[in-house]
Protein chains: 4
Amino acid sequence: MTQPATTRVARRRDRRKAEIVRTATALLSEHGYQGMNLEDVAERTDIAKATLYHYFSGKDELVAAVIEAMTTEVNQRLEQELGRVRDRSHLEQIRTLMREQIRILTDTAPEVAPLFSWPTTWPDSFQDTIKDSRRRHDAIFRRVVEAGLAAGEFDCPDADVALQCLHGVLNQSSLWIRPSLPPERKAQLWDAVVDTASRMLSLRAASAG
Amino acid sequence: MTQPATTRVARRRDRRKAEIVRTATALLSEHGYQGMNLEDVAERTDIAKATLYHYFSGKDELVAAVIEAMTTEVNQRLEQELGRVRDRSHLEQIRTLMREQIRILTDTAPEVAPLFSWPTTWPDSFQDTIKDSRRRHDAIFRRVVEAGLAAGEFDCPDADVALQCLHGVLNQSSLWIRPSLPPERKAQLWDAVVDTASRMLSLRAASAG
Amino acid sequence: MTQPATTRVARRRDRRKAEIVRTATALLSEHGYQGMNLEDVAERTDIAKATLYHYFSGKDELVAAVIEAMTTEVNQRLEQELGRVRDRSHLEQIRTLMREQIRILTDTAPEVAPLFSWPTTWPDSFQDTIKDSRRRHDAIFRRVVEAGLAAGEFDCPDADVALQCLHGVLNQSSLWIRPSLPPERKAQLWDAVVDTASRMLSLRAASAG
Amino acid sequence: MTQPATTRVARRRDRRKAEIVRTATALLSEHGYQGMNLEDVAERTDIAKATLYHYFSGKDELVAAVIEAMTTEVNQRLEQELGRVRDRSHLEQIRTLMREQIRILTDTAPEVAPLFSWPTTWPDSFQDTIKDSRRRHDAIFRRVVEAGLAAGEFDCPDADVALQCLHGVLNQSSLWIRPSLPPERKAQLWDAVVDTASRMLSLRAASAG
DNA sequence: GATGAATGAGATTTCATTCAT
DNA sequence: TATGAATGAAATCTCATTCAT
């Protein structure tokens with residue numbers, strides 16, 4: 001009776017929800033929106049299908065939760081790494097972001113790659129959710145690129161174009177850098193990609209590198 | 001007495017098949033493999049559902065035909081453009097390929113982008129078809145990149161990495177360069193992307209450009 | 001111009017029909033009425049499905065033709081064998097019929113067994129056709145059994161019961177005497193069955209045998 | 001706290017399953033495997049088509065359950081009757097089995113006759129199930145026949161042949177002894193068939209009867 | 001809160017039959 | 001006569017969602 005009764009219960013509820021979201025993320029990545037079914041989600045979470053409806057109002061709300069969780073988690077990691085190099089050059093900052101993004105997609109959480117990096121075919125009702133997710137993710141990179149340009153550190157003519165090309169390179173990494181590669185080999189490839197992508201932003205730095 | 005049996009009748013059949021494939025491509029792009037249904041394909045082609053089975057043994061064969069048609073068409077266009085600049089520098093050649101690829105994805109046949117450029121979630125039975133398609137497409141770019149490297153015209157350290165980054169940039173274009181933009185604006189963006197991507201292959205050319 | 005033009009044409013037509021009926025018999029036996037489809041009949045006869053409709057008004061007419069052909073052929077064989085022993089005892093006559101019936105079901109035309117001997121599940125519209133077929137077939141055996149009883153040669157108390165039991169024994173033979181057995185073994189089994197079944201009609205003869 | 005989980009709920013589930021199997025048996029008998037459809041099974045059981053899939057994974061599993069249920073029930077009845085005459089002669093034992101088998105096919109459960117006694121056309125995947133069912137059924141009769149032979153009580157030369165002829169006679173009964181006959185008439189026919197069939201096993205007994 | 005049961009809507013596929021050539 | 005094309009009707013099976021306990 002010390003704490004409001006909702007606390008313990010609510011925590012338990014949140015843990016349950018997170019567990020479901022975790023399962024759903026994996027299945028969604030594997031089979032896409034239409035291919036994922038609640039039966040499988042329930043079974044893998046070891047609960048009954050009907051129980052899902054105690055936590056989410058339906059398939060769409062569950063999927064929205066997956067997207068939100070992914071976005072939040074990825075962005076948190078990026079911000080955190082960015083914080084560590086706040087004092088370094090903008091080039092170093094953007095390289096840090098690139099490296100962390102690739103690491104997430106090919107090592108830390110490769111299961112989010114299919115959903116997070118490429119446009120799956122979502123029902124129309126998800127367009128806004130998706131767009132919002134992408135915007136929040138892009139904003140982190142954009143801040144650094146624009147600052148770098150303003151500081152004369154980058155020499156690309158157009159920030160928008162550069163950012164899109166950057167995203168393309170990073171996203172593509174999840175397609176060809178296998179999570180199962182040996183760690184040293186993966187680290188090599190990460191560096192190679194970061195180097196290659198950096199050239200799009202700064203020629204000087206690249207020739208120096 | 002009659003013409004070789006493969007003439008009028010067979011041509012008619014092929015035309016019909018192509019028509020169905022066209023419809024299916026659009027729906028497949030919009031909704032993905034699981035989201036596309038034969039009811040819609042039939043209705044949009046203005047035939048009965050059962051009629052589809054005269055031309056394709058089932059959903060999977062139809063989808064395979066879509067993939068094959070897309071691959072063939074895209075590669076043909078690339079080869080054709082490449083042929084026109086056979087005598088120019090390798091940089092010019094790869095720039096031609098890049099420009100044509102972006103043009104296809106954002107102007108000529110934007111409906112192929114979701115299927116051709118990004119990995120949708122396919123049933124396992126399609127893994128081989130998809131892999132083969134990607135390999136044939138990549139081969140065209142690879143030829144030029146490796147020749148350029150051999151000729152000392154490109155200065156990227158690793159052809160594989162460069163190619164993957166290239167594909168990433170090109171694929172991404174379909175996500176942000178809207179087919180509906182005014183033609184001049186599109187042309188500007190194409191050039192900007194080609195310039196940006198070129199820097200990944202050759203620093204000299206880029207600073208000159 | 002000598003013979004009416006219909007003769008040659010009609011003969012050709014009849015040959016075609018017989019060929020189709022032959023194919024249909026096999027497929028009908030294998031898969032039953034519902035399991036047999038016209039596509040397969042056409043393909044195995046090497047004609048187009050639509051062509052079947054030049055010879056039969058539909059599936060049901062074709063199936064009726066199969067039943068009629070089977071009945072006629074089986075009965076003809078029975079009558080023919082019966083003719084050969086017209087002068088012998090009734091016991092010898094019924095044994096001849098039994099033996100010929102078993103031979104048909106397990107050697108001469110084993111493909112008719114499933115349709116002819118056992119009650120497949122036919123649509124209601126076939127009840128009459130089937131009943132008629134069975135009646136005509138039964139009549140041949142009945143004649144002999146009744147004559148034998150009248151002559152005091154058989155000692156079974158009831159002709160109807162005896163006939164039904166007889167049919168049961170004969171039909172069953174197609175289930176366990178494999179057409180693929182070596183001929184001598186088959187002949188042995190035929191004799192054994194005929195001996196066993198004969199005991200139901202005449203105890204004296206049996207103990208003598 | 002609650003009863004073992006397998007009690008009330010599971011019993012309810014089993015009752016439901018049995019109800020479905022009962023309906024399916026009737027329809028299967030009437031129309032055969034291909035002719036039976038789940039729509040009808042559902043409607044006659046007064047449940048939705050989709051509900052069937054809660055109890056059986058598909059048509060085949062349902063049909064397999066029907067076969068298993070029939071086999072078990074028929075064999076149980078036979079064993080039970082056999083138990084009652086354990087002390088009597090082998091002839092009396094086999095006559096008991098025969099009579100009970102006929103009773104089942106023409107009175108107790110005539111709906112199993114078309115499936116249980118005669119070979120319908122099953123898909124290949126059912127061959128094993130069917131064969132197993134027949135083997136278990138035959139074994140009951142075989143035990144008695146072989147014992148009777150060993151005891152010198154029967155004088156048929158070959159147990160296999162005699163058993164097959166026996167099955168033929170019994171099975172045939174379902175084709176001509178109408179369940180709708182008045183009970184006394186049916187009882188007369190049962191006796192007549194049993195008497196007739198007995199002659200195949202033992203001449204002495206028959207002439208005595 | 002948890003769950004087994006139930007179901008309507010819809011997806012893929014099959015097939016007898018018709019039609020135009 | 002022969003046939004490719006076309007199709008409506010139906011069959012099996014799936015799945016998100018609701019409901020009673």
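So you know, we letter chains A, B, ... as the sequences are listed, proteins then strands, and number each from 1.
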> Determine whether any donor atom in the side chain of Lys49(D) lies under 3.5 Å from an acceptor atom in the base of dT7(E), or the reverse, and answer yes or no.
no
> Is any side-chain N or O of Arg16(D) closer than 4.0 Å to OP1 or OP2 of dA6(E)?
yes
> Would you say Glu43(D) has more than 12 foreign heavy atoms packed within less than 6.0 Å of its CD?
no
> Identify the nucleotide, in any strand shown, that forms a Watson-Crick or G-U wobble pair with dA20(E), with both distances under 3.5 Å; if there is none, say none.
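Base-paired to dT3(F).
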> Leu27(D) has an atom CG; how far is it from atom C1' of dA11(F), in whole Å?
14 Å
> Under 4.0 Å from any atom of DNA chain E, heavy atoms only: list the residues of residues 30-42 of chain A that qualify, in numerical order.
none
> Looking at Phe56(C), is its backbone amide N or carbonyl O close enough to the side chain of Lys17(C) to form a donor-acceptor pair, meaning the two atoms are under 3.5 Å apart?
no
> Do Ile47(B) and Arg16(B) have side-chain heavy atoms sitting under 4.5 Å apart?
yes
> Closest heavy-atom contact between Ile67(D) and Phe126(D)?
CD1-CD2, 4.0 Å
> Is the backbone N or O of Thr129(C) less than 3.5 Å from a side-chain atom of Ser133(C), with the two atoms forming a donor-acceptor pair by type?
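Side chain of Ser133(C) to backbone of Thr129(C): no pair is present.
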> In whole Å, I'd like the distance from the CG atom of Asp46(C) to the P atom of dT1(F).
18 Å
> Please tell me if the side chains of Glu61(B) and Tyr55(B) come closer than 4.5 Å, counting only heavy atoms from C-beta onward.
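They are not in side-chain contact.
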> Measuring only between side-chain heavy atoms, which start at C-beta, is Lys59(D) closer than 4.5 Å to Tyr33(D)?
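They are in side-chain contact.
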> Between P on dT3(F) and CZ on Arg12(B), what's the gap in Å once rounded to a whole number?
19 Å
> Taking 4.0 angstrom as the limit, do Arg44(A) and Glu30(A) come out as a salt bridge?
yes
> For the side chain of Ala50(B), counting heavy atoms from C-beta on, which of dG8(F), dA2(F), dT3(F) is nearest?
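Of dG8(F), dA2(F), dT3(F), dG8(F) is nearest to the side chain of Ala50(B).
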> Under 4.0 Å between a Lys/Arg side-chain N and an Asp/Glu carboxylate O for Arg22(A) and Glu19(A)?
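A salt bridge is absent here (no side-chain N lies under 4.0 Å from a carboxylate O).
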> Tell me, which of residues 51-70 of chain D have any heavy atom that sits under 4.0 Å from an atom in DNA chain E?
Thr51(D), His54(D), Tyr55(D)
> Could you give the CZ-to-P distance, from Arg8(A) to dG1(E), as a whole number of Å?
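These atoms are roughly 15 Å apart.
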> Measure from CZ on Arg13(D) to P on dT3(E) and round the result to the nearest Å.
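Answer to the nearest Å: 16 Å.
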